[in-house]
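Inspection log for the structure reproduced underneath, given as structure tokens.
Order of appearance sets the numbers: ligands from 1, and atoms from 1 within every ligand. Side chains included, hydrogens not; waters and symmetry mates left out as well; all remaining heavy atoms used.
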Amino acid sequence: MTVTIVGAQLGDEGKGGIVDVYGAAADVVARYQGGDNAGHTVVHEGEEYKLSLVPSGAVRGKVGVLGNGCVVNPATLFGEIDDLREKGLDPDVRVAERAHAILPFHRVLDNVEEDVKSDDDLSAGTTGRGIGPTYEDKVGRRGVRIGDLLDPDVLRRKLEYVVPQKRALIEDVYGVTLSEVDLSFDGFDAEAAFDVDAIYEQYHEYGRRLAEEEMTVNAGAFLADCIDGGETVMFEGAQGTSIDIDHGIYPYVTSSNPTAGGACTGTGLGPTVVGDGEVIGIVKAYLSRVGTGPLPTEMTDDEETLADETRERGGEFGTVTGRPRRIGWLDVPMVRHAARASGFTGIAVNHVDVLAGLDEVKACHAYDLDGETLETMPTTTERWGDCEPQYRTFEGWPDVDWTAVAEEGYDAIPGNARDYLEYVSEEVGAPLYAVGVGPEREETVVLESPL
Ligand code: IMP
């Protein structure tokens, strides 16, 4: 049995909380894409854990798997594992040997390329973690995989091939003098990030530790064995549909597939396995965006104060970067698009409490584009940026004791909020499985448990 959790918007929909609630019944939690660009906070027995790479289930004693579709920065991986151990936990994390390793020069390139692109308004506002450059090398067939770290000769051979190319790129194409770059992380400065020996030494050591702790696996075979043995597996998507490399608002996207198809290619299990289980879309009751690009429902001008208040109430600041997020009204065409791209069998709507206390709540039902009404997103981001939202207006709902609501169940949610939720569920064509009414694990109203 499997359940796949997918972000229905632009990331930060509160997937972590739902993974946490539903994951309680799972044996294994596997990530299938992305890397340490995804931030999630887990509160467990009064202790707060901030994770960006390790699947959140690892905090609760589940086996955490980083599938082959992930890009893995070993420094982050071991940093998070060591932190968890210091706090008295014993996380069981497995890493796919086919996953790609983020190398230090990827991070430098990510930052330099963003800078260069900003001259043409093309920067995506990346998290600066080297995600895009690592996926580029994967597709360019010059990447270094986790399995390569286990074989010193292969590691050195691959580094000797790729590093000089990257050095030429940064120095000759981007015209950067490395000694002048003020950037250091994970024990590397910009110079060392392009030095074969320095990278080899550190990554060989990572490989040694991965082997010693027996962390690497053939993810597909490992997960298939778990499923055959009757275990339940949760696939934890990171980011969201509208920043999917294929289905998102290109080029303001991340470089992987958060949509449910990614759960197949990113783990080594077939679509029949993923499709045999449930696929749950996570929707935030409004929209938030970290990063650049158009946002038709953004609260601007006379709604700026409302945006500020919503940002504060919802804690809308990037978990990885701390950046304030842009705020908008719910974009229903975006969620319809997500439901189709991933085939949602159910949805969870989060942050319903954050909108409480408003006189009215708006949702963009459709777009007006050049006099035409569109119910789903146009394929080019430029056309999406030209869309005029056609809003439906709902009566607001009061601020109530949401913890008590969560205890009492769905019927305790204020009626106007229920009208809003039922509208969203009907429009995306998927039943409502859960409603998030606060940041704590207990503040989720569960209507349906997929596991
Ligand atoms: P990257 O994934 O760091 O390459 O960033 C590419 C785009 O995806 C940028 O617009 C980021 O702000 C966005 N992004 C990446 N990870 C997340 C996330 O976890 N939540 C929301 N946006 C994200």
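In terms of polar-atom proximity, defined here as any N/O pair under 3.5 Å, Thr292 makes no such contact with ligand 1.
Below 4.0 Å from some heavy atom of Ala38 lie the following atoms of ligand 1, by number and element: 19 (O). Against a heavy-atom cut-off of under 4.0 Å, Leu10 is close to the following atoms of ligand 1: 21 (C), 22 (N). Shown in contact with Arg289 at under 4.0 Å from a heavy atom are these atoms of ligand 1, numbered in order with element: 10 (O). Near Arg323, meaning under 4.0 Å from one of its heavy atoms, ligand 1 places the atoms 12 (O).
Remark: among candidates Ile131, Asp244, Thr126, the nearest residue to atom 5 (O) of ligand 1 is Thr126, based on non-hydrogen atoms.
Each of Val116, Ile170, Asp115, Leu109 was scored for a side chain to side chain contact (heavy atoms under 4.5 Å, CB included) with Val176, with one residue passing: Ile170. Partner of Gln239 under the side-chain hydrogen bond (donor to acceptor under 3.5 Å, both in side chains) criterion, out of Asp12, Asn37, Asp244: Asn37 alone. Residue Val93 is tested with Val63, Ile81, Val65 for a side chain to side chain contact (heavy atoms under 4.5 Å, CB included); the sole match is Ile81.
If you check the side chains of Ser184 and Asp189, you find no donor sitting under 3.5 Å from an acceptor. Residues Glu443 and Thr403 bring a donor and an acceptor atom of their side chains to less than 3.5 Å of each other.
For Lys362 and Tyr391, the positive end sits near the middle of the six-membered ring, less than 6.0 Å away and at most 45° from its axis.
Nearest protein heavy-atom contact of atom 6 (C) of ligand 1 is Val253 O, 3.2 Å. The protein heavy atom nearest to atom 19 (O) of ligand 1 is Asn37 O, 3.3 Å. Atom 13 (C) of ligand 1 has its closest protein heavy atom at Ile243 CD1, 3.8 Å. Looking from atom 12 (O) of ligand 1 to the surrounding protein, the closest heavy atom is Val290 O, 2.9 Å. Protein heavy atom at the shortest distance from atom 20 (N) of ligand 1 is Asp12 OD1, 3.2 Å. Looking only at heavy atoms of the protein, atom 9 (C) of ligand 1 is closest to Ala124 O, 3.2 Å. Annotation: atom 11 (C) of ligand 1 to nearest protein heavy atom, Gly125 O, 3.4 Å. With hydrogens left out, the protein atom closest to atom 17 (C) of ligand 1 is Gln239 CG, 3.5 Å, a heavy atom.
Phe235 and Tyr32 have perpendicular rings, their planes meeting at more than 60° on a 0 to 90° scale where under 30° would count as parallel. The aromatic rings of Tyr367 and Trp384 lie perpendicular to each other, with more than 60° between the two planes, well past the 30° mark. Ring geometry for Trp397 against Tyr420 counts as tilted: the plane angle lies between 30° and 60°, on a 0 to 90° scale.
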